[in-house]
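In what follows, a single structure is set out as structure tokens and then discussed.
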Amino acid sequence: MSAGLFVSFEGIDGSGKSTQARMLHDQLLSEGHDAILTREPGGSPGAEEIRALVLNGAPDRWSPETELLLFTAARRDHLERTVRPALATGRIVICDRFADSTRMYQGLRGGGLRAQVDALHDLMIGQEPDVTILIDVDADAGLARAVARGGGEDRFEAFGGGLQAQMRQGFLALAQEFADRFRVIDGARDMDAVAADVRAAVAERLA
Ligand code: ADP
Ligand code: TYD
């Protein structure tokens, strides 16, 4: 059996990750590839239940440490039940956010939990994507798009624009830390132009 290909999308809220993940999935299917589209937190029935717990409610509903455990629990279930079985049968897995989101969001919260994030990742997850597409937009553009899109899962958006700017810089730093798998794509263009660059970045790994 072939090993499949694991592609993740990262970026701040409203950067256009979900749009680009969907467009890549459609494109790959139309080319005859066997690809699945999934997301975090979520992507399996149990992880979707955890998603509802962690994305709804007041910003202080969970401590940063409890939140880290919930995201990691959701990821473990998603890996066991969705991601690994698909990769094992040679499929392309396209995932809207993965462990880099935890490195950023939980890593920056609670006065900096990055060491705990990395330790838990090593202990319970131990898997990185083959390719990570960072859709890069500035914080104001991301916030404007996220607000225009609406939708109820707003516990994180309540943390505000200053955090978004910090997150953007954090994601760019992660792209340098994991330069072998990250591809940074300018998301401040029309969707089709962004999608063409995404497809080209994935083509490097599919070849
Ligand atoms: P994310 O998943 O990163 O939060 P979405 O893909 O949901 O972002 O996009 C947020 C909003 O911005 C959506 O309403 C989407 O239609 C819109 N959008 C996405 N990409 C672009 C783009 N390149 N130009 C303009 N609007 C966009
Ligand atoms: P998502 O549905 O991708 O939101 P958006 O489309 O607005 O980008 O993710 C929901 C929120 O969950 C988002 O604000 C980031 C946060 N998140 C974490 O804090 N840690 C994680 O490990 C993941 C996967 C997401």
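Only this structure's heavy atoms are used, side chains among them; waters, hydrogens and symmetry mates stay out. All ligand and atom numbering here is 1-based and tracks the order in the structure. The first residue in the sequence is number 1, and the count goes up from there.
If you look at Leu55 next to ligand 2, the close heavy atoms, those under 4.0 Å, all belong to the side chain. Neither the backbone nor the side chain of Arg39 has any atom closer than 4.0 Å to an atom of ligand 2 (non-hydrogen atoms only). Heavy atoms of Arg149 found under 4.0 angstrom from ligand 2 belong exclusively to the side chain. At a heavy-atom cutoff of 4.0 Å, ligand 2 is contacted by no atom of Gln164, backbone or side chain. Of the heavy atoms in Met104, none comes closer than 4.0 Å to ligand 2.
Of all non-hydrogen atoms in Gly187 and Val137, the two that sit nearest each other are C-CG1, 3.5 Å. The two residues Asp100 and Arg103 come nearest to each other via the heavy atoms OD1-NH1, 2.9 Å. Residues Ile125 and Thr72 come closest through the heavy atom pair CD1-O, 3.9 Å.
For atom 3 (O) of ligand 1, the nearest protein heavy atom (residue, atom name, distance) is Lys17 NZ, 2.7 Å. Looking at atom 7 (O) of ligand 1, its nearest protein heavy atom turns out to be Arg149 NH1, 2.9 Å. The shortest contact between atom 5 (P) of ligand 1 and any protein heavy atom is with Thr19 OG1, 3.6 Å.
Note on Asp118 versus Arg114: salt bridge recorded, some NZ/NE/NH1/NH2 to OD/OE distance being below 4.0 Å. By the 4.0 Å N-to-carboxylate-O rule, Glu80 lies close enough to Arg76 to be salt-bridged with it. Between Arg168 and Asp138, none of the side-chain N atoms (NZ, or NE/NH1/NH2) sits under 4.0 Å from a carboxylate O, so this pair counts as no salt bridge.
Side-chain heavy atoms closer than 4.5 Å link hydrophobic residues (I, L, V, M, F, W, Y) into clusters, and following such links, possibly through other members, connects Phe98 to Leu87. A chain of hydrophobic side-chain contacts below 4.5 Å, direct or via other Ile, Leu, Val, Met, Phe, Trp or Tyr residues, connects Phe182 to Met104. Residues Val202 and Ile36 fall into different hydrophobic clusters, defined by Ile, Leu, Val, Met, Phe, Trp and Tyr side chains chained together at heavy-atom separations under 4.5 Å.
Considering backbone and side-chain N/O of Ala146, none are found under 3.5 Å from N/O of ligand 1. Of the N or O atoms in Tyr105, none lie within a sub-3.5 Å distance of an N or O in ligand 2. For the pair Ser18 and ligand 1, the shortest N or O to N or O distance falls below 3.5 Å. Inclusion of Gly16 in the set of residues having an N or O under 3.5 Å from an N or O of ligand 1 is warranted. No N or O atom of Glu67 sits closer than 3.5 Å to an N or O atom of ligand 2. Taking distance alone, with nitrogen or oxygen atoms compared against 3.5 Å, Arg189 approaches ligand 1 more closely than that limit. An N or O contact shorter than 3.5 Å is missing between Glu40 and ligand 2 by distance. For ligand 1, the polar-atom distance check against Ser15 finds a nitrogen or oxygen pair separated by under 3.5 Å. When only interatomic distances are considered, the shortest N/O to N/O separation between Gln106 and ligand 2 falls below 3.5 Å.
Close contacts between ligand 1 and Ile12 involve ligand atoms 3 (O) [criterion: under 4.0 Å to a heavy atom]. Of all atoms in ligand 2, listed by their number and element, those nearer than 4.0 Å to a heavy atom of Lys17 are 8 (O). Close approach of ligand 2 to Arg51 is summarised as follows: ligand atoms under 4.0 Å from at least one heavy atom of the residue are 2 (O). Distances below 4.0 Å separate heavy atoms of Arg75 from the following atoms of ligand 2: 22 (O), 24 (C). Here is the list of ligand 1 atoms found below 4.0 Å of a heavy atom in Met191: 16 (O), 18 (N), 19 (C), 20 (N), 21 (C), 22 (C), 23 (N), 26 (N), 27 (C). Atoms of ligand 2 found under 4.0 Å from any heavy atom of Asp13, numbered from 1 in the order shown, are 4 (O), 5 (P), 7 (O), 8 (O), 13 (C), 14 (O).
Ranked by closest heavy atom to atom 22 (O) of ligand 2, the top entry among Val117, Ile135, Thr102 is Thr102. Counting heavy atoms only, Arg145 comes closest to atom 11 (C) of ligand 1 of the residues Arg145, Arg97, Arg22.
Few gaps surround CD on Gln127; more than 12 heavy atoms of other groups in view lie less than 6.0 Å from it. Applying the 6.0 Å contact sphere to CZ of Arg145 captures more than 12 heavy atoms from other residues, nucleotides or ligands.
With Ser44 as the partner, the side-chain hydrogen bond (donor to acceptor under 3.5 Å, both in side chains) test is satisfied by one option alone out of Asp77, Thr82, Thr38: Asp77.
At least one donor-acceptor pair closer than 3.5 Å links the side chain of Arg51 to the backbone N or O of Pro41. A donor-acceptor pair is defined here as one N or O able to donate and one able to accept, closer than 3.5 Å; such a pair exists between the side chain of Arg61 and the backbone of Leu53. Panel note: side chain Arg84, backbone Leu79; no donor-acceptor pair is recorded below 3.5 Å.
Inspection of the Gln106 and Glu67 side chains reveals an N or O donor paired with an N or O acceptor under 3.5 Å.
Residue Ala146 places every heavy atom at 4.0 Å or more from ligand 2. At least one heavy atom of Gly14 lies less than 4.0 angstrom from ligand 1.
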